[in-house]
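Notes for the one structure printed next.
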Amino acid sequence: MYLGALSSIFIRRPLKEAAQRMHELGLQFIEIGAGGFFPKNHCDPARLLLDKGASEIFQQTLTDSSLAISAFALHGEPLHPDPEIACAYDQDFRAACAFAGKIGVTRLTLLAGLPEAVPGDKMPNWILYPFPARNMDLYRWQWEQRLIPYWKEHAKIAQDHGVRLCFEMHPADMVFKPEALLRLRDAIGPVVGCNLDPSHLFWQGMDILEVVRALKGTIYHAHAKDSRPDPHNVRVNGILDAKDFRCTEERSWLFRTVGYGHSESFWRDFVTELRVAGYDDVLSIEHEDPLIDPEEGFELAVGVLQKLLIRKPSSRLWYEP
């Protein structure tokens with residue numbers, strides 16, 4: 001297994017500085033924001049496709065820091081009912097796939113998206129309850145008329161460039177739990193897999209080790225990111241919480257730096273369960289902890305994970321012939 005990080009940790013630094021700092025801390029991989037919600041100051045695929053010199057500088061920058069790209073990150077709103085938002089994402093997606101194919105990157109980490117509930121709605125609608133009964137019809141329409149057709153078309157684009165789609169299970173998204181991820185994969189095919197980020201699953205009450213078992217064979221990328229429910233606030237208000245993340249005392253849960261949400265023992269079990277499930281690949285650090293500076297949080301996470309990653313393949317036991 002290898003250690004990497006999402007470049008957004010250093011979003012206010014040039015790519016060269018970000019890559020050098022990752023190298024200094026012993027990382028081997030970088031996951032680079034390339035559109036959607038991410039600024040394109042580290043990677044603008046559309047520009048790099050047209051500018052051979054800039055593309056060569058981009059690749060040399062990573063080579064100089066001994067970093068390989070684990071994935072292009074393209075988290076955004078592909079199903080937004082506003083055509084301007086959806087079209088902008090579509091352009092980012094097509095450019096990222098084309099540039100990935102050109103330089104040998106084989107994974108996109110991304111969100112499946114959230115559509116409107118009925119034609120003509122102006123905003124997305126996350127349906128989480130089967131009552132009134134019309135909600136079930138609306139939910140079915142979202143899947144059958146919006147989500148599946150969109151990703152059938154865009155999965156073909158990814159496949160044409162040798163790219164796999166690594167969907168992150170995320171709140172306010174059609175794919176927010178393993179059941180939904182597997183349903184989308186069944187509808188689209190094996191080009192669809194998972195970017196397993198434990199942080200969004202912890203606060204929903206899932207057992208991450210059971211999730212890894214359930215998703216065996218579909219995990220194409222993984223994040224090292226933590227979260228922690230606040231037991232006092234949860235007992236009063238439950239886990240659904242729309243308050244700003246800076247309301248750290250009042251929220252029911254917060255994103256935390258690796259090691260500050262769950263123990264090192266959990267992360268050892270997580271790494272072990274990933275290996276059992278056949279994932280011996282990159283663990284990419286992401287930071288959104290409102291209590292810790294991003295660069296300090298990144299360094300703390302590296303310190304925890306460097307101690308527990310399993311780097312060598314398993315070999316024969318001494319008593320085996």
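These values consider heavy atoms only, across backbone and side chains, with no hydrogens, waters or symmetry-generated copies. From a predicted model like this one, the values you see are computed outputs, not experimental measurements.
Linking Ile, Leu, Val, Met, Phe, Trp and Tyr residues whenever their side-chain heavy atoms come within less than 4.5 Å places Leu15 and Ile9 in a single cluster. The hydrophobic cluster containing Leu305 does not contain Leu6, counting ILVMFWY residues as joined when their side-chain heavy atoms lie under 4.5 angstrom apart, directly or transitively.
With Asn41 contributing its side chain and Ile11 its backbone, the two residues share a donor-acceptor pair below 3.5 Å. Under the 3.5 Å distance criterion, the side-chain polar atoms of His80 are matched with a main-chain donor or acceptor of Asp82. Under a 3.5 Å cut-off, the side chain of His223 and the backbone N or O of Asp197 do not form any donor-acceptor pair. Under a 3.5 Å cut-off, the side chain of Ser252 and the backbone N or O of Gly238 do form a donor-acceptor pair. No donor-acceptor pair closer than 3.5 Å links the side chain of Asp90 to the backbone N or O of Ala86. Remark: side-chain polar atoms of Arg107 are paired, donor with acceptor, to backbone N or O of Tyr220 under 3.5 angstrom. With hydrogens and angles ignored, the 3.5 Å screen pairs no side-chain donor or acceptor of Glu31 with any backbone N or O of Glu286. Side chain of Ser55 to backbone of Asp51: no donor-acceptor contact under 3.5 angstrom is found. Of the possible polar contacts, none joining the Gln204 side chain to the Pro171 backbone as a donor-acceptor pair under 3.5 Å is found.
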Exercise. Go through the steps for Phe10 and Glu17 under the test side chain to side chain contact (heavy atoms under 4.5 Å, CB included), then give the verdict.
Key: CA-CA 8 Å; Phe10 297 102; Glu17 290 184 19; over 6 Å; no
Exercise. Applying side chain to side chain contact (heavy atoms under 4.5 Å, CB included), run through Ile32 and Leu62 and close with a yes or a no.
Key: CA-CA 11 Å; Ile32 303 182; Leu62 300 180; 4.0 Å; yes
Quiz item: Could you walk me through whether Glu116 and Arg146 pass the salt bridge (charged side-chain N to carboxylate O under 4.0 Å, His left out) check?
Solution: CA-CA 9 Å; Glu116 68 276 35; Arg146 294 286 276 116; 3.2 Å; yes
Quiz prompt | Trace of the salt bridge (charged side-chain N to carboxylate O under 4.0 Å, His left out) decision for Arg268 with Glu264 | solution = CA-CA 6 Å; Arg268 286 191 174 89; Glu264 288 187 22; 3.7 Å; yes
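Taking CD1 of Ile239 as the start and CG of Asn233 as the end, the distance is 13.0 Å to the nearest 0.5 Å. Note that the CG atom of Leu79 and the CD atom of Gln142 stand 9.0 Å from one another [nearest 0.5 Å]. Taking NZ from Lys312 and CD1 from Ile310, the interatomic distance works out to 13.0 Å, rounded to the nearest 0.5 Å. We find the SG-CG distance between Cys194 and Leu182 to be 8.5 Å, quoted to the nearest 0.5 Å. Atoms CG and CZ, from Leu254 and Arg246 in turn, are 10.5 Å apart once rounded to the nearest 0.5 Å. Atom CG in Leu283 sits 6.5 Å away from atom CG in Leu3 (nearest 0.5 Å).
Arg140 has a carboxylate O that lies under 4.0 Å from a charged side-chain N of Asp137, or vice versa, which qualifies the two as a salt bridge. Between Arg94 and Glu153 a salt bridge is recorded (basic side-chain N to carboxylate O distance below 4.0 Å). Ion pair Arg21/Glu24 flagged as a salt bridge, since at least one NZ, NE, NH1 or NH2 atom sits closer than 4.0 Å to an Asp/Glu carboxylate oxygen. Looking at Lys16 and Asp64, no side-chain N of the basic residue comes within less than 4.0 Å of a carboxylate O on the acidic one, giving no salt bridge. Salt bridge Glu295/Arg13: present, at least one basic N to carboxylate O contact under 4.0 Å.
Using the six-membered ring where Trp is involved, Phe266 and Phe270 have ring planes that are parallel, under 30° apart on the 30 and 60° scheme. Relative ring orientation between Phe245 and Trp253 is described as perpendicular, the plane-to-plane angle rising above 60° on a 0-90° scale split at 30° and 60°.
Annotation for His221 and Tyr279: closest pair CA-OH, 3.4 Å, computed over non-hydrogen atoms. For the residue pair Ala96 and Phe72, the shortest heavy atom distance occurs at O-CD1, 4.1 Å. Residue Ser7 comes nearest to Ile30 through the heavy atom pair CB-CD1, 4.0 Å, listed as atom of the first residue, atom of the second, then distance. Nearest heavy atoms, Leu138 versus Ala117: CD2-O, 3.6 Å.
Under the 4.5 Å side-chain criterion, counting only non-hydrogen atoms from C-beta, Asn237 is not in contact with Glu250. Between Ser8 and Phe38 the shortest side-chain heavy-atom distance falls below 4.5 Å. When side chains are defined from C-beta on, Met174 counts as touching Trp143, because their heavy atoms get closer than 4.5 Å. Pro313 places none of its side-chain heavy atoms less than 4.5 Å from the side chain of Asp280. No side-chain heavy atom of Val118 sits under 4.5 Å from any side-chain heavy atom of Asn125.
Of the candidates Phe93, Phe167, Tyr89, Phe93 is the only one forming a ring pair (Phe, Tyr, Trp, His ring centres under 6.0 Å) with His154.
For an aromatic pair to be called close, the ring centres must be under 6.0 Å apart, and His200 with Phe176 fails this.
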